[in-house]
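Please read the structure below before turning to the comments.
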2 protein chains.
Amino acid sequence: MTEPRIDPLRLQAYFALMEVSGLLRHGIEQQLREAGDLSTVQFQLLATLGDAPQGSSRMTDLADGVVYSRSGLTYQAGLLEQRGLVMRRPSPDDERSTVVTITEAGSALLEQVFPGHLEVLDRVLFAPLTEAQVASLADALGAARDHMRATPPRSAAPRRRRSAEPSAD
Amino acid sequence: MTEPRIDPLRLQAYFALMEVSGLLRHGIEQQLREAGDLSTVQFQLLATLGDAPQGSSRMTDLADGVVYSRSGLTYQAGLLEQRGLVMRRPSPDDERSTVVTITEAGSALLEQVFPGHLEVLDRVLFAPLTEAQVASLADALGAARDHMRATPPRSAAPRRRRSAEPSAD
DNA sequence: TATTGTTATACTCTATAACTATA
DNA sequence: TATAGTTATAGAGTATAACAATA
């Protein structure tokens, strides 16, 4: 029942992270909704595609970074496609894969939304921070992100079905 | 149409923040669900109460930090109360207010869940970070949080109805 | 009249499992 | 058989607006 190794600094960082990300997400959600009728997830998908080599990505790769489950991505991609912001078509290399590509309309919307997005970001998140703090933030969070990306989510793998369950037929 | 003031460092910090908080929330969600059948929000509510002066807080104050809308908090508080983890009763000072208090069962559950929670935290978030990085994180995020708390969410105030809309009856 | 909290309702989003098609 | 993606479905969570009660 002893709990000696609760590092106050970590707790502090953790709670601050959760509160900041929550409030930030909330503030951002409003701006994105008003400026482009986008949810945060949809914006992240568009932004990820906008940053990708040919504005394209496989569904699975997209799901890795932004969304949790595949069906969730299919849902969101469907919404974006309906609005003409992305295109989906089968990969030439592997007929099983679907390549998602941001359209011109998608890029345009991204550009339309971006300035206000940055403005909110500056006002809500970065305003009180020094350059050094911003740098520290980018450094530490970048390291954490790389680590998380590399870590296999040991329970309930998102993209790989455990082969331990034989079909038992 | 020029966008010269996109500070790459801030963008980097921002995207990392969103990805880290998203993945962290996801990982935490699983642990909390398994260890105590709690959602992240419910855990945050309990943790906030556990940290409060008498394990108590007004609904409105609770909503401020953790949840977004009042009805959302009422919903969550109802769930927690059903499970006997919190108690609600009218404030002695102000009959309009409701004071939420964490129960012994609530504290017990918190303690039950906490070790595993910290373990996940260390493994997923803090493992790759140096002490200096953790300190920087706590510092910068703490500053951001204080700023966000102090900032009136200028559009669609969460707790105050704009008086600009006359009942027009 | 303003504030606190609840309720009713509608909607968005997410996850699970079953399914199809290709490698 | 394993992988990529979709679909159907069910469930949780959130916000909005209307409401009741107290200051």
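Side chains are part of it too, since the values below use all heavy atoms of this structure and drop only hydrogens, waters and symmetry mates. Below, read A as the first sequence line, B as the second, and so on, with proteins coming before strands; counting in each chain starts at 1.
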Subject >> Inter-residue atom distance Leu80(A).CG - Gln76(A).CD, 0.5 Å rounding >> reply: 6.5 Å
Subject >> Phosphate contact (dT14(D) OP1 or OP2) by His26(A) side-chain N/O below 4.0 Å >> reply: no
Subject >> Residues touching DNA chain D, which here means a heavy atom under 4.0 Å, drawn from residues 38-53 of chain B >> reply: Ser39(B), Val41(B)
Original post:
dT3(D) P sits how many Å from Asp93(A) CG, rounded?
Top reply: 19 Å
Original post:
Would you call Arg88(A) and Met59(A) a side-chain contact if the rule is heavy atoms closer than 4.5 Å?
Top reply: yes
Original post:
For DNA chain D, whose closest nucleotide is more 5', that of Val99(A) or that of Asp94(B)?
Top reply: Val99(A)
Original post:
What is the distance from CD of Glu95(A) to P of dT20(C), rounded to the nearest Å?
Top reply: 19 Å
Original post:
Reckon Ser71(B) touches a base, only the sugar-phosphate, or nothing at all at heavy-atom distances under 4.0 Å?
Top reply: base
Original post:
About how many Å separate CE of Met148(A) and OG of Ser21(B), when rounded to the nearest 0.5 Å?
Top reply: 8.5 Å
Subject >> Minimum heavy-atom distance Val99(A)-Ser56(A), with the two atoms named >> reply: CG1-CB, 3.7 Å
Original post:
Are any side-chain N or O atoms of Gln31(A) and backbone N or O atoms of Val113(A), one a donor and one an acceptor, separated by less than 3.5 Å?
Top reply: yes
Original post:
Which pairs count as salt bridge (charged side-chain N to carboxylate O under 4.0 Å, His left out) when at least one residue sits in residues 35-46 of chain A, sequence neighbours excluded?
Top reply: Arg33(A)-Asp37(A)
Subject >> d(CZ, Arg58(A); C1', dT3(D)) in whole Å >> reply: 9 Å
Original post:
Which is it for Tyr14(B) and Ile28(A) under the side-chain contact (heavy atoms from CB on, under 4.5 Å) test, yes or no, and what are the steps along the way?
Top reply: CA-CA 11 Å; Tyr14(B) 163 54; Ile28(A) 278 175; 3.4 Å; yes
Original post:
Among dT6(D), dA23(D), dT6(C), which nucleotide sits nearest the side chain of Arg96(B)?
Top reply: dA23(D)
Original post:
Contacts to DNA chain D from residues 72-91 of chain A, heavy-atom cutoff under 4.0 Å, which residues?
Top reply: Thr74(A), Arg88(A)
Original post:
Rounded to whole angstroms, how far apart are CZ on Arg70(A) and P on dA8(D)?
Top reply: 18 Å
Original post:
For the pair made of CD in Glu29(A) and P in dT16(D), what is the distance, rounded to whole Å?
Top reply: 11 Å
Original post:
So which heavy atom on Val20(B) is nearest to which on Ala144(A), and how close?
Top reply: CG2-CB, 4.0 Å
Original post:
Rounded to the nearest 0.5 Å, what separation is found between the CG atom of Leu85(A) and the CG atom of Leu110(A)?
Top reply: 9.5 Å
Subject >> Separation of atom CE in Met59(B) from atom C1' in dA21(D), rounded to whole Å >> reply: 15 Å
